[in-house]
Amino acid sequence: MCLYEMVSVSAQTKAFEAAGELLHELVERLGMSQPLVSSHLRVLRGARLVGVERHGREAAYSLADQHVAHIVADAVQHSKEES
């Protein structure tokens, strides 16, 4: 999967509007199944676009850094523009 496809996955799912969200919070907010959200996160983690921080038995996910946040914001904005 290319970088653009991975960024578009995160933009499409709107997974990273908030930093440090727990997996169950993402599942609830997105209205998607936990396995589907986990699958997207696994791809994004593999590309180093998101990071994970463990809190006991739970994991909080956030964008890897501000550069990634800007790329995702630009991708979302671009997807809203008319061609």
When rounded to the nearest 0.5 angstrom, what distance separates CD in Glu53 from OH in Tyr61? 12.0 Å
Between Leu49 and Val43, is the side-chain contact (heavy atoms from CB on, under 4.5 Å) condition met? List the steps. CA-CA 9 Å; Leu49 296 176; Val43 171; over 6 Å; no
Is it the case that more than 12 heavy atoms not belonging to Glu25 sit under 6.0 Å from its CD atom? yes
Side chains of residues 31-39: which donor-acceptor partners sit under 3.5 Å, not counting sequence neighbours?
from: Ser33; atom 1: OG; to: Leu36; atom 2: N; distance (Å): 3.3
from: Gln34; atom 1: NE2; to: Ser38; atom 2: OG; distance (Å): 2.6
from: Ser38; atom 1: OG; to: Gln34; atom 2: O; distance (Å): 3.1

Would Leu22 end up clustered with Leu26 when hydrophobic side chains under 4.5 Å apart are linked, directly or stepwise? no
When every non-hydrogen atom of Arg57 is compared with those of Arg54, the smallest separation belongs to O-NH1, 4.4 Å
